Amino acid sequence: LVNLTMSVGLSLGDFCGVVAVAREEGGEEVIANADGERSTPTAVGFGEEGVVSIGLAAVQGVGRNAKGTANSFVSLLSASYDDPLVQENIKAQTCKTVNVGGKVAFELDNHEGAVTPADLTTMLLDGLWKTAVTQAADATDAVLALPIGCSAEHTQALIACAASAGFAIKQCISEPVAAALGAGVGQGTRTDETVVVFDMGASRTTATVVAARGGALTVLGTASDPSLGGAACDAALMKLLVKEFKKTTKVDISDNAKALAKLAAECTETKHILSTNTTATVFVESLHDGIDFNHKLTRGKLEMTVASVYRKCGAMITTVLESCGLTTADVDEVLLAGGASIPPKVSKVLGMMFEGREVINASVPGNELVALGAARQAYLLRDVPSLEDAPAMARPCVTASICVKTSAGGMAVLLGAGSPLPASQTARLLTSEDNQSSITIELFEARKAAGGGDAPAPTALAAAAMKDLPAGPAGSVGVTVSVTVSLAGSIEVEITEPKSGKVVKGSIPAVKA
């Protein structure tokens with residue numbers, strides 16, 4: 001039955017998109033798509049005679065239409081073509097990619113002209129929205145869960161794609177907060193807890209500490225590693241199976257794009273089967289030159305193959321807890337989110353860190369938990385005219401640290417990533433020279449290094465100068481800088497010179513839906 005009073009929540013990543021709704025009478029549920037599946041793969045294929053396949057149909061057709069199919073394209077929105085992570089994504093594509101104005105585009109068989117990640121994301125969102133309105137016929141907007149630290153440019157691109165697909169994004173919330181909401185954290189009797197959301201997705205793994213205090217959810221800290229995730233597990237499994245095929249047939253398919261595309265699709269299915277069964281058969285008809293591939297794989301063998309990935313998972317939780325000044329004893333629960341967290345080995349590896357305490361919550365499939373939380377937030381916002389009036393339990397947070405450049409050229413953090421909104425902070429900057437007549441204030445947005453690599457260069461937000469300062473020795477004259485970030489994400493900056501009372505003000509608008 002179609003319900004006219006349902007609220008919609010969406011989760012969208014490089015592996016799949018999930019739609020969930022919250023009912024007026026209470027409770028959230030994931031909605032199956034037209035294929036009967038509870039998630040829609042992030043894949044679009046262009047076939048002959050203008051046929052476009054989205055989701056499962058595109059994945060199933062990649063063996064015969066590899067050059068006409070693109071996948072894992074959501075993370076490419078607004079990304080630079082030369083970004084190392086983008087280059088890794090490009091290597092995994094079966095179709096041709098091109099550099100158009102410094103951004104990624106696809107040249108696909110059966111389609112004239114380049115196709116952008118935004119074009120493909122819009123098609124995918126259109127399909128997800130059609131799924132949503134099968135249950136929520138009068139819905140016009142949704143809450144979208146995004147990776148923590150998602151840039152304003154990427155967020156804006158997703159909002160634009162949703163608009164092109166025919167619906168509005170009422171609010172974007174971080175995936176860890178959505179996962180906590182989906183698990184009931186901050187609600188009922190769970191108003192004061194500390195949880196770790198371990199989100200193992202297709203292209204990265206993120207561990208985030210979320211605290212519920214008086215029912216309000218706050219991100220205390222986060223750590224992310226793009227070298228971990230489903231793609232890393234897939235790569236290890238593919239390497240094993242390519243080796244097995246060569247062992248039995250004396251044929252090396254490591255440079256055969258079509259054969260690898262067929263095998264990759266079967267790898268995904270095999271991983272799903274081994275999440276609930278101890279054995280699975282990998283079968284690909286005519287993998288190469290009419291030769292079938294038939295190989296029996298056990299869960300134990302798979303776990304050994306991807307052991308190096310799983311070993312790093314526990315270290316991530318330790319790192320993020322230490323950054324928050326916490327230990328495993330302070331954690332009430334570990335929530336598993338993301339499709340790659342479903343295998344039982346993930347729960348086992350993480351559970352070993354907690355000295356026998358039963359803290360791992362894998363009761364909801366990892367790829368559904370975030371969407372359920374987004375639907376819950378959409379329900380909480382159903383009668384809210386403005387985000388300023390939103391319930392406190394799931395207010396957004398600062399996604400990247402806001403810093404001011406010091407006189408020595410370094411960066412001083414004013415508001416750290418994870419600070420709940422609205423937020424405000426004040427700093428004092430002093431002159432570095434005798435009788436210095438002016439001070440230039442430069443604000444930046446800074447993100448942490450991912451995967452142990454170099455941190456990305458800070459992004460300039462704004463610059464302003466306070467001139468005609470009173471004369472005086474270096475360090476005796478200065479200005480007060482106040483930065484305030486509103487609940488909607490706009491930034492207000494005020495620079496004051498205390499002796500004269502002179503004030504310089506400025507503002508940076510938030511990303512608008």
Side-chain angles (χ1 to χ4, degrees), residues 11 13-16 18 30 38-39 145 147-148 175-176 178-180 182-183 185 195-210 222-240 267-280 297-321 328 331-373 450-451:
S11 170
D14 259 356
F15 180 69
C16 68
V18 180
V30 170
R38 293 166 67 85
S39 63
I148 193 165
E175 289 176 348
V185 178
V195 302
V196 173
V197 178
F198 188 79
D199 188 344
M200 196 170 188
S203 56
R204 72 173 55 235
T205 295
T206 303
T208 305
V209 181
V210 179
T222 189
S224 185
D225 190 342
S227 71
L228 298 180
C233 295
D234 288 346
L237 180 55
M238 284 283 287
K239 185 176 180 179
L240 170 70
C267 276
T268 300
E269 182 62 25
T270 300
K271 286 196 309 176
H272 289 168
I273 294 172
L274 290 176
S275 293
T276 54
N277 296 278
T278 56
T279 62
L297 186 67
T298 66
R299 180 189 291 175
K301 182 64 173 178
L302 173 62
E303 290 175 350
M304 289 177 58
T305 302
V306 300
S308 62
V309 177
Y310 290 152
R311 277 196 296 268
K312 298 177 183 178
C313 294
M316 284 194 67
I317 290 184
T318 300
T319 298
V320 72
L321 286 176
T328 54
V331 177
D332 295 296
E333 191 171 65
V334 177
L335 304 175
L336 299 186
S341 72
I342 295 175
K345 186 67 173 180
V346 177
S347 296
K348 185 177 180 180
V349 169
L350 299 182
M352 292 173 62
M353 301 177 58
F354 293 88
E355 301 176 349
R357 289 197 298 133
E358 297 293 330
V359 299
I360 307 298
N361 183 347
S363 59
V364 177
N367 59 344
E368 298 183 3
L369 184 61
V370 171
L372 291 169

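A quick note: this is a predicted structure, and the numbers were derived from the prediction, not measured.
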For the atom pair [atom1] ([X]) and [atom2] ([Y]), what is the distance rounded to the nearest 0.5 Å?
{"X": "F198", "Y": "I360", "atom1": "CZ", "atom2": "CD1", "value": "9.5 Å"}
{"X": "T278", "Y": "I273", "atom1": "OG1", "atom2": "CD1", "value": "11.5 Å"}
{"X": "R38", "Y": "C16", "atom1": "CZ", "atom2": "SG", "value": "12.0 Å"}
{"X": "L237", "Y": "T270", "atom1": "CG", "atom2": "OG1", "value": "6.5 Å"}
{"X": "K345", "Y": "C313", "atom1": "NZ", "atom2": "SG", "value": "11.0 Å"}
{"X": "H272", "Y": "I342", "atom1": "NE2", "atom2": "CD1", "value": "6.0 Å"}

Option passing side-chain contact (heavy atoms from CB on, under 4.5 Å) with V196 (candidates D332, T208, V209, V359) = V209
Considering only NZ, NE, NH1 and NH2 on the basic side and carboxylate oxygens on the acidic side, decide whether D234 and K271 come within less than 4.0 Å.
->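 Between K271 and D234 there is a salt bridge, with a charged N closer than 4.0 Å to a carboxylate O.
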Testing the basics here: between [X] and [Y], what is the closest heavy-atom pair and its distance to 0.1 Å?
{"X": "I317", "Y": "L350", "value": "CD1-CD2, 3.7 Å"}
{"X": "A179", "Y": "L335", "value": "O-CD1, 3.9 Å"}
{"X": "V349", "Y": "Y310", "value": "CG1-O, 3.6 Å"}
{"X": "A362", "Y": "L336", "value": "CB-CD1, 3.8 Å"}
{"X": "A178", "Y": "A145", "value": "CB-CB, 4.0 Å"}
{"X": "S39", "Y": "V18", "value": "CB-CG2, 3.9 Å"}

Can you tell which of D199, T205, T206 makes a side chain to side chain donor-acceptor pair (under 3.5 Å) with S224?
->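 Looking at D199, T205, T206, the match for S224 under the side chain to side chain donor-acceptor pair (under 3.5 Å) is T206.
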Within the 4.5 Å heavy-atom criterion, are [X] and [Y] side-chain neighbours or not?
{"X": "M200", "Y": "V309", "value": "yes"}
{"X": "T268", "Y": "F15", "value": "yes"}
{"X": "V210", "Y": "V185", "value": "no"}

Which side-chain N or O atoms in residues 298-305 pair as donor and acceptor under 3.5 Å with protein atoms at least two apart or in another chain?
| residue | atom | partner | partner atom | Å |
| --- | --- | --- | --- | --- |
| T298 | OG1 | K301 | N | 3.0 |
| R299 | NE | L274 | O | 2.9 |
| R299 | NE | N277 | O | 3.4 |
| R299 | NH2 | L274 | O | 3.4 |
| R299 | NH2 | N277 | O | 3.3 |
| T305 | OG1 | K301 | O | 2.7 |

Could you tell me whether a side-chain N or O of R357 sits under 3.5 Å from a main-chain N or O of V331, the two making a donor and an acceptor?
-> yes
